[in-house]
Asker: 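Shown below is the structure under consideration.
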Amino acid sequence: MDLAYSPEEEEFRAGLREWLAKVLPTLPPKPSPDDWPARRAYDLGWQRTLYDAGYAHVHWDASPTVRLIFLEETEKAGAPYVGANFVGLLHAGPTIAAEGTAEQRARWLPPVLRGEEVWCQGFSEPGAGSDLAALRTRAYRDGDDYVVTGSKIWTSHAEVADWCELLVRTDPAAPKHRGISWLAMPMDAPGVTVRPLRTLAGSTEFAEVFLDEVRVPVTHRVGEENDGWRVTMVTLSFERGTAFVGEVVACRKVLGEVAAQARASGRWDDPGVRRRLGRLNAEFRTLWRLTQWNVSEAESSGGVPGVGGSVFKLRYSRARQELYDAAAEVLGPEGVDLGRPWVLDRLSSLSYTIAAGTSEIQRNIVGERILGLPKG
């Protein structure tokens with residue numbers, strides 16, 4: 001397996017760096033974290049800037065390695081994060097690109113790339129817990145539509161979304177993994193109610209979504225009816241495989257800042273602190289190599305990340321928590337000051353062993369699908 005970059009890929013990197021150096025100083029100030037309409041406009045504006053410069057294609061039409069370089073360099077340069085475009089660019093979009101019909105790709109992919117539409121993710125449900133396949137949101141056929149009734153929770157960016165990647169049960173008599181379908185639901189459809197949720201960190205990027213006989217055209221189903229679990233595995237492979245690339249780069253940057261703070265405050269004299277930060281440095285260097293390995297595997301398998309993404313997600317989510325615990329140790333009493341750097345990040349890091357599949361679920365996947373261990 002070759003983890004080196006080709007001359008063409010390094011040329012892409014150099015051109016991207018030059019472009020970022022020119023454009024980033026011209027961007028307007030970032031809006032308040034609590035002003036989601038303004039954040040949506042800002043995030044869509046950045047995506048339009050990428051589109052006009054010819055960089056929007058990297059999420060779907062470029063190789064996984066070029067995508068890795070793009071995410072690495074934009075994070076290093078301090079470029080805006082995908083923000084409200086997260087689901088559309090990193091989850092729903094790649095899934096539609098891989099599984100959708102030509103008509104579906106033509107309808108939904110260009111508006112995401114041009115920064116015109118936002119997607120949210122309607123997977124988790126209040127009664128299903130970590131068992132995603134236990135979902136109970138029901139959809140039955142009525143002519144050319146599905147009629148959907150149920151509820152979703154932790155629906156990312158629902159309050160500003162135009163579309164929702166929605167998992168529904170279309171055959172309640174089938175085994176739970178075989179009666180699910182993947183739908184693209186318009187968020188302005190009659191019967192859709194959104195109720196924002198406030199997290200421990202005070203943000204509201206999640207919401208509850210209630211669906212009361214919402215009509216979704218059958219043509220909005222991606223994949224075959226009752227084949228939604230397989231389509232979902234494609235979505236989750238992107239979510240766990242390449243969607244965290246920028247965050248690994250960001251964590252490595254934060255680690256350097258924490259080490260600098262430790263030196264400035266005298267905490268560096270504590271051998272335990274140095275040992276802890278040194279181990280985290282090795283951890284994130286290893287995670288970066290694992291990211292490259294996963295990308296290389298995706299390169300050889302048609303662009304879809306494999307189950308190695310679960311190995312990455314399992315370890316990354318814990319390493320991120322350990323990083324911000326170390327930051328709190330370095331800050332000392334100031335580690336509870338919400339106005340200090342890293343404190344809110346520490347609160348948000350608590351969700352990482354739950355979001356995108358709990359660590360327990362990831363261990364099951366690794367044990368059964370990689371190590372070949374028996375179920376149960």
Asker: Between Arg39 and Val160, is there a side-chain heavy-atom distance shorter than 4.5 Å?
Answerer: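 A side-chain contact under 4.5 Å is absent here.
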Asker: Output yes when a side-chain donor or acceptor of Arg221 lies under 3.5 Å from a complementary backbone atom of Gly223, and no otherwise.
Answerer: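 Between the backbone of Gly223 and the side chain of Arg221 there is a qualifying donor-acceptor contact (under 3.5 Å).
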Asker: Would you say Arg138's side chain and Thr149's backbone share a donor-acceptor pair under 3.5 angstrom?
Answerer: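 No, the answer is negative, given that no donor and acceptor are paired below the 3.5 Å cut-off.
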Asker: Around atom CD of Glu11, are there more than 12 heavy atoms from other residues, nucleotides or ligands closer than 6.0 Å?
Answerer: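 Atom CD in Glu11 is not crowded, with 12 or fewer foreign heavy atoms closer than 6.0 Å.
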Asker: Sub-3.5 Å donor-acceptor pair from the side chain of Asp145 to the main-chain atoms of Val147, do we have one?
Answerer: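 Not at all, since once roles are kept as given, no pair shorter than 3.5 Å links the two residues.
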Asker: Measuring only between side-chain heavy atoms, which start at C-beta, is Phe206 closer than 4.5 Å to Ser156?
Answerer: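 A side-chain contact under 4.5 Å exists here.
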Asker: Counting N and O atoms only, with roles assigned by atom type, does the side chain of Asp162 sit under 3.5 Å from a partner on the main chain of Val118, one being a donor and the other an acceptor?
Answerer: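 Yes, Asp162 side chain to Val118 backbone: donor-acceptor pair under 3.5 Å.
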Asker: Would a distance-only check, ignoring hydrogens and angles, find a side-chain to backbone donor-acceptor pair under 3.5 Å from Glu9 to Val66?
Answerer: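 Here the side-chain-to-backbone pair does not exist.
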Asker: Do we see a donor-acceptor contact under 3.5 Å between the side chains of Trp163 and Glu117?
Answerer: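 Their side chains do contain a donor-acceptor pair, which is all the 3.5 Å distance test asks for.
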Asker: When you measure from the side chain of Glu125 to the backbone of Thr137, do you find a donor-acceptor pair of N or O atoms at a distance under 3.5 Å?
Answerer: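 Indeed, once roles are kept as given, a pair shorter than 3.5 Å links the two residues.
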Asker: Does the side chain of Arg230 come within less than 4.5 Å of Glu224's, by heavy atoms?
Answerer: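 Counting from C-beta outward, Glu224 and Arg230 never come under 4.5 Å.
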Asker: Between Thr74 and Val249, is any pair of side-chain heavy atoms under 4.5 Å apart?
Answerer: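 With C-beta onward as the side chain, the pair stays apart.
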Asker: Search all heavy atoms of Leu277 against all heavy atoms of Ala326 and return the closest pair with its distance.
Answerer: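 Closest approach of Leu277 to Ala326: CD2-CB, 4.0 Å.
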Asker: If we check side chain to side chain donor-acceptor pair (under 3.5 Å) with Tyr146, which of these qualifies: Arg215, Glu225, His220?
Answerer: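 For Tyr146, the side chain to side chain donor-acceptor pair (under 3.5 Å) check succeeds only for Glu225.
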Asker: For Arg107 and Gln104, test the side chains for any donor-to-acceptor distance below 3.5 angstrom and give the result as yes or no.
Answerer: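 Result is no, nothing qualifies.
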Asker: Flag yes if more than 12 heavy atoms outside Arg285 fall under 6.0 Å of its CZ atom; otherwise flag no.
Answerer: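 Incorrect, the count does not exceed 12.
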Asker: For Arg141, I'd like to know if atom CZ has over 12 heavy atoms of other residues, nucleotides or ligands within 6.0 Å.
Answerer: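 It does: Arg141 CZ has more than 12 such atoms within range.
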Asker: Hydrogens and angles aside, do Glu208 and Ser151 bring a side-chain donor and acceptor to less than 3.5 Å of each other?
Answerer: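 No pair is found: no donor N or O on one side chain lies under 3.5 Å from an acceptor on the other.
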Asker: Just say parallel, tilted or perpendicular for the rings of Tyr81 and Phe86, cut-offs at 30° and 60°.
Answerer: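 Tyr81 and Phe86: tilted rings.
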Asker: When hydrophobic residues are tied together by side-chain contacts of less than 4.5 Å, even through go-betweens, does Phe210 share a cluster with Leu197?
Answerer: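 Phe210 does not cluster with Leu197.
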Asker: Contact between Val231 and Thr95 at the side-chain level, heavy atoms closer than 4.5 Å - yes or no?
Answerer: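 Counting from C-beta outward, Val231 and Thr95 do come under 4.5 Å.
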Asker: Kindly work out whether a path of hydrophobic side-chain contacts (I/L/V/M/F/W/Y, heavy atoms less than 4.5 Å apart) joins Ile153 to Leu183.
Answerer: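 Cluster IDs for Ile153 and Leu183 differ.
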Asker: Decide yes or no on side chain to side chain contact (heavy atoms under 4.5 Å, CB included) for Leu135 and Phe123, but give the supporting numbers first.
Answerer: CA-CA 8 Å; Leu135 64 91; Phe123 282 14; over 6 Å; no
Asker: Could you walk me through whether Gln47 and Leu50 satisfy the side chain to side chain contact (heavy atoms under 4.5 Å, CB included) test, starting with their C-alpha distance in whole Å, then the side-chain angles of each, then the deciding distance to 0.1 Å, before giving a yes or no?
Answerer: CA-CA 5 Å; Gln47 182 59 30; Leu50 291 171; 3.8 Å; yes
Asker: State whether the number of non-hydrogen atoms from other residues, nucleotides or ligands found under 6.0 Å of Trp154 atom CH2 is greater than 12.
Answerer: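 Incorrect, the count does not exceed 12.
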Asker: Between the main-chain N or O of Ala133 and the side-chain N or O of Arg169, is there a donor-acceptor pair closer than 3.5 Å?
Answerer: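 A pair under 3.5 Å: yes.
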Asker: List the atom of Ala189, the atom of Val214, and the distance in Å for their closest heavy-atom pair.
Answerer: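 In this case the closest contact between Ala189 and Val214 is CB-CG1, 3.7 Å.
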Asker: Test side chain to side chain contact (heavy atoms under 4.5 Å, CB included) on Trp268 and Arg274; report intermediate values, then the result.
Answerer: CA-CA 6 Å; Trp268 191 255; Arg274 294 200 305 273; 3.4 Å; yes
Asker: Closest approach of Gln261 and Val330, non-hydrogen atoms and distance?
Answerer: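 Shortest heavy-atom separation between Gln261 and Val330 comes out as CG-CG1, 3.6 Å.
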Asker: Checking salt bridge (charged side-chain N to carboxylate O under 4.0 Å, His left out) for the pair Arg315/Glu283: CA distance, chi angles, key distance, verdict?
Answerer: CA-CA 9 Å; Arg315 190 53 222 167; Glu283 184 89 40; 2.6 Å; yes
Asker: Is the shortest side-chain heavy-atom distance between Leu280 and Val258 below 4.5 Å?
Answerer: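 Sidechains of Val258 and Leu280: no contact.
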Asker: Under the 3.5 angstrom rule, does the side chain of Asn281 hit a backbone N or O of Leu255 as a donor-acceptor pair?
Answerer: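 Judged by distance alone, no pair lies under 3.5 Å.
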Asker: Can you find a heavy atom in the side chain of Val254 that is under 4.5 Å from one in the side chain of Phe284?
Answerer: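 Answer no - side chains too far apart.
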Asker: Main chain of Leu167, side chain of Lys152: is a donor-acceptor contact present, judged purely on distance under 3.5 Å?
Answerer: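 Checked: pair present.
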Asker: In terms of hydrophobic clusters joined by side-chain contacts under 4.5 Å, are Leu323 and Val248 together?
Answerer: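 Yes.
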Asker: Going from CH2 on Trp229 to CD1 on Ile180, what distance comes out if it is rounded to the nearest 0.5 angstrom?
Answerer: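 Trp229 CH2 to Ile180 CD1: 5.5 Å, rounded to 0.5 Å.
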Asker: Just so I know, are the side chains of Asn85 and Trp46 near enough to count as touching, which here means a heavy-atom distance under 4.5 Å?
Answerer: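 Side chain of Asn85 against side chain of Trp46, heavy atoms only: no contact under 4.5 Å found.
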Asker: Tell me whether the count of non-hydrogen atoms from other residues, nucleotides or ligands lying under 6.0 Å of CD in Glu10 goes above 12.
Answerer: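 Yes, CD of Glu10 has more than 12 neighbouring heavy atoms, counting only those of other groups under 6.0 Å.
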Asker: Please assess Leu89 against Leu113 for the test side chain to side chain contact (heavy atoms under 4.5 Å, CB included), listing each intermediate value before the final yes or no.
Answerer: CA-CA 8 Å; Leu89 284 171; Leu113 290 181; 4.2 Å; yes
Asker: Under a single-linkage definition using a 4.5 Å side-chain heavy-atom cutoff for Ile, Leu, Val, Met, Phe, Trp and Tyr, are Tyr42 and Val23 assigned to the same hydrophobic cluster?
Answerer: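 Linked, Tyr42 and Val23 end up in one cluster.
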Asker: Say whether Val218 and Val222 are linked into one hydrophobic cluster, either directly or through other cluster members, by side-chain heavy-atom distances under 4.5 angstrom.
Answerer: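 No, it is not one cluster - the side chains of Val218 and Val222 are not joined through contacts under 4.5 Å.
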Asker: With rounding to the nearest 0.5 angstrom, report the CG to CZ distance, Asp270 to Arg276.
Answerer: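 Between atom CG of Asp270 and atom CZ of Arg276 there are 10.5 Å.
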Asker: Under the salt bridge (charged side-chain N to carboxylate O under 4.0 Å, His left out) rule, what do Glu72 and Arg13 come out as? Steps first, then yes or no, please.
Answerer: CA-CA 9 Å; Glu72 179 186 9; Arg13 184 194 300 274; 3.1 Å; yes
Asker: What class does the angle between the rings of His157 and Trp36 fall in, given that below 30° is parallel, 30 to 60° is tilted and above 60° is perpendicular?
Answerer: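 His157 and Trp36: tilted rings.
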